[in-house]
Engineer: 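Got a structure for you, questions after.
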Amino acid sequence: MEMQPYDPKVIEPKWQKKWEEAHAFEAESDHAKPKFYGLIEFPYPSGNGLHVGHPRSNTAMDIIARKRRMQGYNVLFPIGWDAFGLPTENYAIKNNVHPAAVTQKNIDHFREQLKKIGFSFDYSREVNTTDPDYYKWTQWIFLKLFEHGMVFRDKTLVNYCPSCKVVLSNEDSQGGKCDICHGDVVQLPKDVWYLRITKYADRLLQGLDIVDYPENIKQQQINWIGKSTGAFVRFPIAGADESLEIYTTRPDTLFGVTFMVMAPEHPLIDKYAGRITNMDAIRAYREECAKKTEFERTQLVKDKTGLCIEGLRGVNPLTGREVPIFISDYVMMGYGTGAIMAVPAHDQRDWEFARKFGIEIIQVIKGGDIEKEAYTGDGEMINSGFLNGYTNKKDSINRVLEEIEKKGIGRAGVQYKMKDWAFNRQRYWGEPIPLIHCPHCGVVAVPYEELPLRLPDVEDFQPGTDGKSPLAHIDSFVNCTCPKCGAPAQRETDTMPQWAGSSWYFLRYCDPHNDTAFASREELDYWMPVDWYNGGMEHVTRHLLYSRFWHKFLYDIGEVGCPEPYMKRTAQGMILGTDGEKMSKSRGNVINPDEIIDEIGADAFRLYEMFMGAFDQAIPWSTNGAKGCRRFLDRVWRLQEMLVPGDGYSEGLNCLMHETVKKVSLDYEAMKFNTAIAAMMTLVNEMYAAGSVTMGEMRTLLLLLNPVAPHITEEMWERCGFEGTMVRQSWPTWDEAAMVRSEIEIAVQVCGKVRGRIHVPADMTKEQAEAELPAREDVQKLLGGKTVVKAIYVPGRLLNLVAR
RNA sequence: GCCGGAGUGGCGGAAUGGCAGACGCGGCGGAUUCAAAAUCCGUUGGCAGCGAUGUCGUGCGGGUUCAAGUCCCGCCUUCGGCACCA
């Protein structure tokens, strides 16, 4: 009988429908079972539809989730939509439609695309951040943060994107570029709502010790948090009743201070404007600095600019020595105290500044050549009063800190590069911030029972030129009464950033339909923490940090039971265009997943995305490579023609079967999908070489391949007449004993070079082999008359003969 | 400048210190076909040789070792992240 050819267009929809009807992938309510919570970053449903990067991340977790089900776990593998955000809002403005309508359309399109790839998501737990039933709880958590003093308003210099017309957090403006439109960000003084993430800086660092993240992700977070230890020291201002406080990591160099520097925006300058004799020049310099873009300020580091503040002098609190105070934009207002003590002998930036302005350089640590550059190494302390003779940096820092505290001129302290999270956006398509401005009571929280505070319908989503959110123009939204005193009051009109909804969505998945809590504690305690979270590297210093922060806060107020949300994090590499460049519309190198699936089927598409290279590395797309994966599935399909009876493994394939089960099982766990698939390809090649496949061999092969290629394996499972569907079969096991061969082939090296191969008994010991093998005839032949000095036998591998 | 990766055939990439190049793509030869596609079989790192075989080969220069793609020291190139962070 002629066998039907492999036709994914028929079998893929067939099985997708069957799975859906059987609710095959819905998490079970049975809390007695061991659980596995696998998570992928929920997508932003953009108008462009799915790109080939989504399936790479999703397939990887899908493989793990499917394997876990077969291992007997109760698996939660959810999906949802991170749907607030500017691209949708901008599209809505441009096309004159409501963002909610755009969002719904995009979500429907995404869901349809994901279903076509056969991911084993639990669609019954879908969440959507723009759904009022969801953002009610985003607002609820915000109010909890507010209640606990974690929300504050401050007028400071903030990152502002003139093109998107929004204030951005530090995380959203890395490198001085807007994260949304990639345009230049400017610094403006603005009144902004902040979340006190810096209060959690230390905890966010410590938490990294108990989680399983790749080292580079940990490092990036550590660098972003940027903790440094040092000291705050007050330098009295000569002739005034006030001090200029500085932060330094090198208090041991206090005796080498020859000047001080303030940031251009430092408030003390205005306070003493009357005493400063060159205030006009100072004002001119400040204006010059304000005009510089982030790029100019950071890239032109070679040439330091600045100006001496005439009429203000600082006094070194340890030596009594008077030093000049400068203003310069190499000191930032946003870090430390906005002022520094300058030690040109031992800090390269101070050294360059001193050289330019002809300031004295006093060496206090022996070493280097301070005529050429600052010496930042260790050495014996000199010119440093009570510190003279100290040779250990730690000791001298401890000694000087002791002295500073004794004299009451400062204290030890820490600083972080991370800043508080600028949290409000002047845009429409986000969660309304549930706060009310009352003329009598100040800022008042919207009562919990009034949540969700819904987004009002508006005609015009365009942000105002006045820097206000579109909501500010809706009187019916803005005007309200104060919940405290009943007086007429006004609502906050800014919305939350896109990162708000994604900071806790993994909690909602645990209990997505709960309308009395964001999730019940019982469900949270069962499912949390997330066992395995896969996503992209671009979220390491944004979403990953923000959500850890929210989670730790919820933990502190007793709402969740675990201190870290994600036990294990992995990250996939980016898929590049066939030209090796990042995919982009403008380059015209975008691969459309729909077209690939249409051509080779979803299973081959999944297979190729996992096979193309190391999972965590960037990799260019290869059209032929993808076809090769389809070819492999065709070969698997045709194995049906070679089926012979037998539940076990045939003698010739027995070893390889066990080896492959082991290899594939371990490689999936390590996300080494490429080598797992290679092992299955080798097995299939050997089956062809053998000319027949037993039922038992077929069964195992289908089980191993199922997580990667679920449709074809289900279809073949059915055609082979195996029981049930594959979803809840048991994962195959291997037997180490079965993998031992009686005789093995090893390489023979002479002086480290391979000269030939011989067969030896597998159970030969090292001693035995080294004593007996050199004398063997086939070994002697390879020696070419040389005399063996030493023999080294590596069991199962090789024999190396050192010979003369 | 700092932090973290990566440099291996024509290409994507494999290799607990132990036979470099698994697996796939591409190429070449053959079978099948009227022909092509598809499929199947064989072959495929460079150089020399009809051949067995020899020889050179994992970015560069040293080193450790019986044995180095892998470990150590010193560089180069490249990608990603941060960056005047006191």
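Chain letters run A, B, ... following the sequence lines, proteins first and then strands; every chain starts at 1. Predicted, not measured: the structure shown is a model, and the values here were computed from it.
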Engineer: How would nucleotides 23-29 of chain B be written as a contact map, 5' to 3', with B for base contact, S for sugar-phosphate-only contact and - for no contact, using protein heavy atoms under 4.0 Å?
Structural biologist: BSSS---

Engineer: Report the residues that fulfil salt bridge (Lys or Arg N to Asp or Glu O under 4.0 Å) with A/Lys199, sequence neighbours left out, ordered by chain and then residue number.
Structural biologist: none

Engineer: With sequence neighbours left out, what residues match A/Gln415 under side chain to side chain donor-acceptor pair (under 3.5 Å)?
Structural biologist: none

Engineer: Which is more 5' along RNA chain B, the nucleotide nearest A/Phe615 or the one nearest A/Gly336? Just name the residue.
Structural biologist: A/Phe615

Engineer: Rounded to whole angstrom, note down the P distance from B/G54 over to B/G59.
Structural biologist: 25 Å

Engineer: Nearest-Å distance, NZ (A/Lys177) to P (B/A83)?
Structural biologist: 13 Å

Engineer: Which pairs, with at least one residue in residues 625-635 of chain A and sequence neighbours excluded, count as a side chain to side chain donor-acceptor pair (under 3.5 Å)?
Structural biologist: A/Arg630-A/Asp634, A/Arg635-A/Asn685

Engineer: Starting at CG of A/Asp667 and ending at P of B/U16, how long is that distance when rounded to a whole Å?
Structural biologist: 11 Å

Engineer: Distances under 3.5 Å between protein N/O atoms and the N/O atoms of nucleotides 63-70 of chain B, please, pair by pair.
Structural biologist:
from	atom 1	to	atom 2	distance (Å)
B/C66	O2'	A/Asn800	ND2	3.3
B/C66	O2	A/Asn800	ND2	2.6

Engineer: Who pairs with A/Arg569 by side chain to side chain contact (heavy atoms under 4.5 Å, CB included), at least two apart in sequence or on another chain?
Structural biologist: A/Glu41, A/Tyr213, A/Ile217, A/Tyr533, A/Leu544

Engineer: When you measure only distances, ignoring hydrogens and angles, does the side chain of A/Lys304 come within 3.5 Å of the base of B/C84 through a donor and an acceptor?
Structural biologist: yes

Engineer: I'd like the C1' distance from B/G69 over to B/G80, given in whole Å.
Structural biologist: 23 Å

Engineer: Can you tell if the side chain of A/Glu171 reaches within under 4.5 Å of the side chain of A/Tyr546, non-hydrogen atoms only?
Structural biologist: yes

Engineer: Residues in side chain to side chain donor-acceptor pair (under 3.5 Å) with A/Asp7, at least two apart?
Structural biologist: none

Engineer: Would you call B/G74 syn or anti, using the 90° rule around 0?
Structural biologist: anti

Engineer: Please list, chain by chain and in numerical order, all residues satisfying salt bridge (Lys or Arg N to Asp or Glu O under 4.0 Å) with A/Asp179, sequence neighbours excluded.
Structural biologist: A/Arg542

Engineer: What does the 5'-to-3' dot-bracket notation of RNA chain B look like when only Watson-Crick and G-U wobble pairs under 3.5 Å count, and pairs to other strands show as |?
Structural biologist: (((((((..(((.....[....)))((((((.......))))))((((....))))..(((((..]....))))))))))))....

Engineer: Below 3.5 Å between N/O atoms, which protein atoms pair up with nucleotides 56-59 of chain B? Just atom names and distances, please.
Structural biologist:
from	atom 1	to	atom 2	distance (Å)
B/C56	OP2	A/Lys753	NZ	3.4

Engineer: Tell me, please, which residues at least two apart from A/Asp212 pass salt bridge (Lys or Arg N to Asp or Glu O under 4.0 Å).
Structural biologist: A/Lys568

Engineer: With the criterion being N/O to N/O and under 3.5 Å, what pairs connect the protein with nucleotides 2-11 of chain B, and how long is each?
Structural biologist:
from	atom 1	to	atom 2	distance (Å)
B/C3	O2'	A/Asn223	ND2	3.3

